Amino acid sequence: MTTADDELDLTTLDDAELYELMGEDLYDGLREDVIEGVTEALARGHAAYDVLTDGLVAGMEQVGIDFRDGVLFVPEVLLAASAMKGGMELLRPRLAETDAPRAGTLVIGTVKGDIHDIGKNLVGMMMEGAGLEVIDLGINRSADDFVAAVQEHRPELLGMSALLTTTMPYMREVIEALAEAGLRDDLHVLVGGAPVNEEFAEAIGADAYCRDAAVAAQTARQLLGARTAVPAGG
Ligand code: B1M
């Protein structure tokens, strides 16, 4: 998009063209170009969440489809993920900014066997924006890791992410381990990730299924409000 002699002036594009280009750049794994697109959208006064959903998430959807269909392979998807993260880093301060007092603590991680972290990171940012302190355990986390973090941080909320049908059942093991450690009743367990749904969440004994990061933040606020009567923030 931006070579020295053939530089495209993003300000000449209308909003639809800008988002389309952002999606294409993400698909092509052009991290710097994605960052430029996000910067331009923010300069136009677009809300960070709109830039995220209309630009970055929309672009990643096509990556997912073509990855599934064998058009894209892991190296290309890694580049797209890196481009997505570049854009997210720019949005992070805006998504996470809040004047609200800390409403509670969330421990979150991607479960064992699973290294997908883009969605989890997004949820973490939105939760910070909802006024929560976020302890991010990272990826490939065992039940013991979750139990140890809950013992250490005593969060009101525990979030788990799984993107693979093979790793989502592990969420049940974490919930069972929490119960065995006598910690399950002290916190709300929220689960999410592309293959997860309401029915599955209920079957494994989670408290809530969160379709996306915005729903996760909203659910957290509702649960904390019900529990502690802390007003919603963010
Ligand atoms: Co992976 N991968 N991947 N991958 N990958 C999927 C998940 C897949 C659906 C692609 C496909 O075939 N269409 C498929 C899974 C199929 C299945 O299980 N049925 C798949 C596969 C097969 C694999 C490998 C096995 C491929 C291989 O090696 N042969 C391998 C597995 C590695 C492992 O984990 N052990 C693998 C690897 C990778 C990369 C490393 C290349 C890369 C990950 C990079 C990274 O995360 N740092 C990658 C990517 C990028 C994807 C896709 C294309 C995009 C995922 C993503 O970031 N989406 C994905 C296709 C897809 O999902 N459509 C795919 C954007 C993100 C914003 O959305 O993560 O859904 P998402 O998060 C949302 C919600 O789900 C929700 O909120 C988020 C924000 O709104 N949410 C939560 C998520 N977690 C939550 C937690 C909560 C609440 C809400 O807690 C409270």
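Order of appearance sets the numbers: ligands from 1, and atoms from 1 within every ligand. Fair warning: this is a prediction, and the values are worked out from it, not measured in the lab.
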Can you confirm, on distance only, whether ligand 1 has an N/O atom lying under 3.5 Å from any N/O atom belonging to G64? yes
Exercise. State whether any protein heavy atom lies less than 4.0 Å from atom 59 (C) of ligand 1.
Key: no
among protein heavy atoms, the one nearest atom 64 (C) of ligand 1 is H116 NE2, 3.8 Å
Looking at side-chain heavy atoms only, is the closest gap between F200 and M171 below 4.5 Å? yes
When rounded to the nearest 0.5 Å, the distance separating CG of L52 from CE of M125 is 8.0 Å
Contact region, K85 to ligand 1, non-hydrogen atoms below 4.0 Å, reads side chain
In terms of heavy-atom contacts, L56 and M88 come closest through CD1-N, 3.9 Å
Check your understanding: Is atom 89 (C) of ligand 1 less than 4.0 angstrom from at least one protein heavy atom?
Key -> yes
### Query
Does a side-chain heavy-atom distance below 4.5 Å link V215 with Y209?
no
* Asked: Do M22 and V51 have side-chain heavy atoms sitting under 4.5 Å apart?
  -> yes
Among G124, A206, G193, closest by heavy atom to atom 83 (C) of ligand 1 is G193
Counting from 1 in the order shown, the ligand 1 atoms closer than 4.0 Å to a non-hydrogen atom of D212 are 76 (C), 77 (O), 80 (O)
Counting from 1 in the order shown, the ligand 1 atoms closer than 4.0 Å to a non-hydrogen atom of L190 are 90 (O), 91 (C)
inquiry  = Between E176 and R184, does any side-chain N to carboxylate O distance fall below 4.0 Å?
reply    = no
Taking only non-hydrogen atoms of V123 and a 4.0 Å limit, the atoms of ligand 1 in range are 77 (O), 82 (C), 85 (C), 88 (C), 89 (C)
*Taking distance alone, with no angle check, do M84 and ligand 1 share an N/O pair under 3.5 Å?*
no
Output for pair (D212 CG, Y49 OH), nearest 0.5 Å, gives 4.5 Å
* Determine whether any heavy atom of G113 lies closer than 4.0 Å to an atom of ligand 1. => yes
the protein heavy atom lying closest to atom 67 (C) of ligand 1 turns out to be L122 CD2, 3.8 Å
- After noting the C-alpha distance and the side-chain angles of L95 and E128, does the key distance pass the side chain to side chain contact (heavy atoms under 4.5 Å, CB included) rule? CA-CA 8 Å; L95 290 172; E128 285 176 8; over 6 Å; no
Logged contact type for L163 with ligand 1, heavy-atom cut-off 4.0 Å, is both
Among non-hydrogen protein atoms, atom 34 (O) of ligand 1 lies closest to I115 N, 2.8 Å
Atom 46 (O) of ligand 1 has as its nearest protein heavy atom D117 N, 2.8 Å
Taken to the nearest 0.5 Å, the spacing of H116 NE2 from T110 OG1 works out to 9.5 Å
heavy-atom search around atom 73 (C) of ligand 1 in the protein gives G119 CA, 4.2 Å
Under 4.0 Å from one or more heavy atoms of C210, ligand 1 contributes atoms 88 (C), 89 (C)
Query raised in the report: Given D114 and Y170, is the side-chain hydrogen bond (donor to acceptor under 3.5 Å, both in side chains) satisfied, shown in steps?
Result: CA-CA 10 Å; D114 202 319; Y170 194 76; over 6 Å; no
Separation between CZ (R141) and CD1 (I108), nearest 0.5 Å, reads 13.0 Å
N121 and D136: side chain to side chain contact (heavy atoms under 4.5 Å, CB included), yes or no, with the steps? CA-CA 8 Å; N121 295 347; D136 188 344; 3.7 Å; yes
Using distance alone, decide if ligand 1 has a nitrogen or oxygen within less than 3.5 Å of any nitrogen or oxygen in S161.
yes
Of all heavy-atom pairs linking M84 and M60, the shortest is SD-CB, 4.0 Å
ask   = Would you say V74 has any N or O atom under 3.5 Å from an N or O of ligand 1, going by distance alone?
value = no
Notebook entry, point to check: Under a heavy-atom criterion of less than 4.0 Å, does R211 contact ligand 1?
Noted result: yes
Worksheet item: Any ion pair linking K85 and E89 (charged N to carboxylate O, less than 4.0 Å)?
Response: no
for atom 80 (O) of ligand 1, nearest protein heavy atom and its distance come out as A213 N, 3.1 Å
T12 vs D9, side-chain hydrogen bond (donor to acceptor under 3.5 Å, both in side chains): CA-CA, chis, key distance, verdict: CA-CA 6 Å; T12 62; D9 182 359; 5.3 Å; no
L21 side chain near L8 side chain, heavy-atom distance below 4.5 Å:
yes
Residue, atom and distance of the protein heavy atom nearest atom 40 (C) of ligand 1 read L78 CD2, 3.7 Å
One should read off an interatomic distance between E20 CD and D14 CG, to the nearest 0.5 angstrom, of 9.5 Å
**Item:** Exercise check, heavy-atom protein proximity under 4.0 Å to atom 18 (O) of ligand 1
**Value:** yes
Under 4.0 Å between heavy atoms, the region of A81 that gets near ligand 1 turns out to be side chain
Note to self: Yes or no: does M127 have any heavy atom under 4.0 Å from an atom of ligand 1?
What the structure shows: no
message: Is atom 24 (C) of ligand 1 near the protein, in the sense that some protein heavy atom lies at less than 4.0 Å from it?
response: no
Checking heavy atoms under 4.0 Å, the part of M60 that sits near ligand 1 is side chain
Any heavy atom of L164 under 4.0 Å from ligand 1? The part involved is both
request  = Look up atom 9 (C) of ligand 1 and tell me if a protein heavy atom lies less than 4.0 Å from it?
outcome  = no
Atom 86 (C) of ligand 1 sits nearest the protein heavy atom M160 O, 3.5 Å
D114 heavy atoms within 4.0 Å reach ligand 1 at atoms 34 (O)
| request: Answer yes when R31 and D25 have at least one side-chain N-carboxylate O distance shorter than 4.0 Å, and no when they do not. | output: no
